[in-house]
Amino acid sequence: MTNGEANGPVTCPGCQTRENVSVAEARTDKRGRREDLTTRLASAPNHTGDGCIHFCEGIVLAFVAGAAGKYFADERHLPWLTAVGAVVAVLIVVATIAIVRGETRDARRVRAGASRADALTAEARYCSTCQGVFYPSGHPWPGIVTPEHFRHHVWTAAGYGDQLDPKAKATELP
Ligand SMILES: [Zn+2]
């Protein structure tokens with residue numbers, strides 16, 4: 001094996017060509033963007049969900065539920081609808097807090113695992129011929145695997161495998 005260089009050209013164990021780039025490079029180059037490798041080879045979930053925005057949405061929904069209850073109570077002369085609206089509003093607030101807390105916790109776990117994920121990504125290479133990922137060292141696996149396998153491995157090892165999408169989660173590591 002001549003796969004000593006960390007960043008030099010290395011031979012793919014799948015097709016024996018050297019048409020491969022580092023995973024970091026594959027995510028951002030033109031072909032990678034076209035094939036959505038930015039997402040498929042991501043080493044962490046993309047937490048675009050802003051906790052504050054979700055919180056505000058929840059409060060607005062709760063307010064709407066409360067106001068709707070009050071409105072229809074007056075309109076239909078059904079005073080108990082005010083109570084129903086209030087109960088629904090409270091449930092929405094409780095659910096919103098639970099969701100925002102969960103998101104915050106998920107994001108914190110991703111930050112905590114970032115260095116582990118980076119370490120696992122640093123050596124990985126993407127072969128465009130095989131459309132898969134391999135490690136020149138042969139660790140943690142010797143052959144080539146799909147981007148979903150790779151994602152499964154990195155996210156699980158970094159401690160947030162539960163945040164994988166169902167497709168990646170369903171993959172079995174070799
Ligand atoms: Zn290959």
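Read the numbers this way: they start at 1 and go in the same order the structure lists the ligands and their atoms. Predicted, not measured: the structure shown is a model, and the values here were computed from it.
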Are H153 and W141, when compared by the centres of their aromatic rings, separated by less than 6.0 Å? yes
Is the backbone N or O of S137 less than 3.5 Å from a side-chain atom of E123, with the two atoms forming a donor-acceptor pair by type? yes
Any donor and acceptor pair, going by atom type alone, linking the side chain of R27 with main-chain N or O of L41 inside 3.5 Å? yes
Evaluate S43 against L120 for side chain to side chain contact (heavy atoms under 4.5 Å, CB included), listing each step before the verdict. CA-CA 9 Å; S43 49; L120 288 166; over 6 Å; no
Do any pairs count as a salt bridge (charged side-chain N to carboxylate O under 4.0 Å, His left out) and have a residue in residues 73-96, sequence neighbours left out, and if so which ones? K70-D74
Give me the protein N, O or S atoms that fall under 2.8 Å of the Zn ion (ligand 1), sorted by chain and residue number. C12 SG, C15 SG, C127 SG, C130 SG
dist N20:CG -> T11:OG1 (nearest 0.5 Å) comes out at 8.0 Å
